[in-house]
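Below: one structure, written as structure tokens.
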There are 2 protein chains.
Amino acid sequence: MITNDMRQKMDKSISIVHKAIEEGGGHTILSTGITGDDARLAKAVVDVGVKLVEPNHPALALARGYKGVTTMHDAEQVRHEIRVEQMAEATQGVRNVVGKDIYITVGIPGGFTEVVPKILTDEDFILISNCGADGLHTHKSTLYDLEALVKKAHEFGLCVDAYIGLPTDLHTFGISAQTPEEVAKVAKQMEEVGTDMIGMMTGMSYEGVKAGEIHPQLKERLCALVETVKVPTLAEGGINLTNFQAFVDTGVNILVIGTSIDKMVEKAAQDVVLSYLNYKPQA
Amino acid sequence: MITNDMRQKMDKSISIVHKAIEEGGGHTILSTGITGDDARLAKAVVDVGVKLVEPNHPALALARGYKGVTTMHDAEQVRHEIRVEQMAEATQGVRNVVGKDIYITVGIPGGFTEVVPKILTDEDFILISNCGADGLHTHKSTLYDLEALVKKAHEFGLCVDAYIGLPTDLHTFGISAQTPEEVAKVAKQMEEVGTDMIGMMTGMSYEGVKAGEIHPQLKERLCALVETVKVPTLAEGGINLTNFQAFVDTGVNILVIGTSIDKMVEKAAQDVVLSYLNYKPQA
């Protein structure tokens, strides 16, 4: 049951996404990682034109040094222990500084493929919907789970982005589909259950391509996704400035950028402190 | 009352500071701002040689977008609303990823010059001392307040760094001293009440100096501080790569670096997203 006011809330949210894609000539970027969790950096990237940001719980585990995790791989092992309240607080902080015209999608425990029971209550949805979030960033592995999540999210005025992965992916971050035909079929089903944006996991299982190119299998899969659905499409993982054009050429609308920002931000901090630590006075 | 085990805890902490100063040939840097609050960046700077980091509550207000603050000046107005528990959690996260051989000093509500009553309880000290902190980063404005804070901090095994300011400073971040003679007198008193590191606020009230130099008044004041006390000395505020040598030349031991890191980190994030947003394919 979607009430009309929640429909309006979601329409307003998704219109930000459509406008960003249009202004980018068919594509835009979604900024995640450190720029999604730290309000200072969220503001910095929004100030130069980013329209979509994504705070998520594995990145928050890294930001908070939760249980000492220092890699995304390790963060995936403890992400379910991050509390929905913490994600709501982080999201509210980002919303406070970026203003209302930015689309914020939020990853929370219970919204990914879980290894322990994580039951999302109505109170959790109310909390996330009231903290300034436009959408839920999800990684469910079955259509059944996704449909239930979409229904609930819509009831509370939250759009949903969800993903398709390969059965061989190291981490399960979406509904499996092997061939381009299966991708098209799954994407169609995801759209039919009301998913507001549909993405492809593009960072795992695609080894051995030349610089600037993307794997032929991945290209076929992305094209199958893009051709099948009317909702905005996303690509998440493995995107860098070298292969960016190859991704854009598939027609995918939203390029999710995380690690390549984090790496440059960390390098910038290191460069500054090294300038001081290695300071040699002029003779 | 300092018990022997708490004395040992503090001795171990301060030995990290002395070693860092020695290895730097008389000076080292203390990294604060975004590198103190975000465990990812704390790890990044520690990985290249930083030994002293400082999470503090105004920086956390900025990191969390608390009440929408986006400048340090605004953060100073709301910093007292950040909870000690939040600072303990942030500090624990930093400690988790930097390991034990890094000196962490923490700014908390009640430890600065306050505009509303902020009573630090024994439980607050226990929380901070147990979260991995070596010291309290303080900005009290009277010797009386500082002495009380030092006594309590030492009881719970926390070292204390405290500061001297000018009566004309925009924000009150230390005990006032106008002339070099007054600086020497105040510094001596601060050392006598047990302050473990004594700093000078160097970023306010010193306008109109040439690039690469520091204000003659500030130079006199820093020299007065350095010559008077045996404990490690700090300079906080307004330090950049251009005037770094002039600061080092005063003999001050610890250069507090915050804004110059934050600016470069924000610029790095902006540069990366601009590379994607302005991407033009090769013809």
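Proteins come first, then strands; the chains are lettered A, B, ... in the order of their sequence lines, and each starts at number 1. Values below: every heavy atom of this structure, side chains too, minus hydrogens, waters and symmetry copies.
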Open item on the list: I'd like to verify something: which residue of A/Thr28, A/Asp262, A/Val50, A/Val46 has the highest number of heavy-atom pairs under 4.5 Å with chain B?
Closed with: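 Option with the greatest count: A/Val50.
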- [ ] Among the options A/Leu274, A/Thr70, A/Val94, A/Val265, pick out the one with the most heavy-atom pairs lying under 4.5 Å from chain B.
- [x]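 Option with the top pair count is A/Val265.
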Mind checking whether [X] and [Y] have side chains closer than 4.5 Å, heavy atoms only?
X        : Y        : value
B/Asp271 : A/Met264 : no
A/Leu41  : B/Asp38  : no
A/Met200 : A/Thr233 : no
A/Leu222 : A/Leu218 : yes
A/Val97  : B/Tyr66  : no
A/Tyr163 : A/Ile198 : no
B/Glu213 : B/Lys219 : no
A/Glu236 : A/His139 : yes

- [ ] Please flag which part of B/Lys267 lies under 4.5 Å from any non-hydrogen atom of chain A: side chain, backbone, both or neither.
- [x]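 Looking at B/Lys267, nothing touches chain A.
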Task: Toward chain A, the part of B/Val98 with a non-hydrogen atom under 4.5 Å - done: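 Looking at B/Val98, nothing touches chain A.
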Please tabulate, for side-chain N and O atoms in residues 101-108 of chain B, each donor-acceptor pair with protein atoms closer than 3.5 Å (sequence neighbours left out).
| unit_1 | atom_1 | unit_2 | atom_2 | d |
| --- | --- | --- | --- | --- |
| B/Thr105 | OG1 | B/His137 | N | 3.1 |
| B/Thr105 | OG1 | B/Asp161 | OD1 | 2.6 |

Under 4.5 Å, counting heavy-atom pairs only, tell me which of [options] racks up the most with chain A.
options                             : answer
B/Ile29, B/Leu277, B/Leu241         : B/Leu241
B/Gly24, B/Gly93, B/Ser31, B/Ser275 : B/Gly93
B/Ala42, B/Ala44, B/Gly49           : B/Ala44
B/Arg64, B/Arg95, B/Glu266          : B/Arg64

Task: Donor-acceptor pair, side chain of B/Lys9 and main chain of B/Gly157, under 3.5 angstrom - done: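 A pair under 3.5 Å: yes.
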Open item on the list: Using a 3.5 Å distance criterion without hydrogens, assess whether the side chain of B/Asn130 forms a donor-acceptor pair with backbone atoms of B/Ile126.
Closed with: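 Yes, B/Asn130 side chain to B/Ile126 backbone: donor-acceptor pair under 3.5 Å.
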Task: Worked verdict on B/Phe244 versus B/His27 for ring pair (Phe, Tyr, Trp, His ring centres under 6.0 Å) - done: CA-CA 11 Å; B/Phe244 187 68; B/His27 68 271; 5.8 Å; yes
Task: chain B contact via A/Thr35 - which portion, at a heavy-atom distance below 4.5 Å - done: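 The answer is the side chain of A/Thr35.
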Open item on the list: At under 4.5 Å between heavy atoms, what parts of residues 246-261 of chain A are in contact with chain B? List them by residue number.
Closed with: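 Contacts with chain B: A/Ile257, A/Ser260, A/Ile261.
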Which pair of non-hydrogen atoms, one from [X] and one from [Y], has the smallest distance, and what is that distance?
X        : Y        : value
B/Gly238 : B/Asn243 : O-ND2, 3.0 Å
A/Pro232 : A/Ile21  : CB-CD1, 3.8 Å
B/Met197 : B/Val17  : SD-CG1, 3.8 Å

- [ ] Show your reasoning for whether side-chain contact (heavy atoms from CB on, under 4.5 Å) applies to A/Gln270 and B/Asp47.
- [x] CA-CA 8 Å; A/Gln270 292 182 327; B/Asp47 281 350; 4.1 Å; yes
Open item on the list: Give the interface residues of residues 75-92 of chain B toward chain A, defined by a heavy-atom separation under 4.5 Å.
Closed with: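 B/Gln86, B/Glu89 fall under the 4.5 Å cut-off.
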Task: Residues of residues 52-62 of chain B contacting chain A, heavy-atom criterion under 4.5 Å, by residue number - done: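 Near chain A, by residue number: B/Ala59, B/Leu62.
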- [ ] May I ask you to decide whether A/Arg40 forms a salt bridge with B/Asp37, counting only side-chain N to carboxylate O separations under 4.0 Å?
- [x]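 Salt bridge flag = yes for B/Asp37 with A/Arg40.
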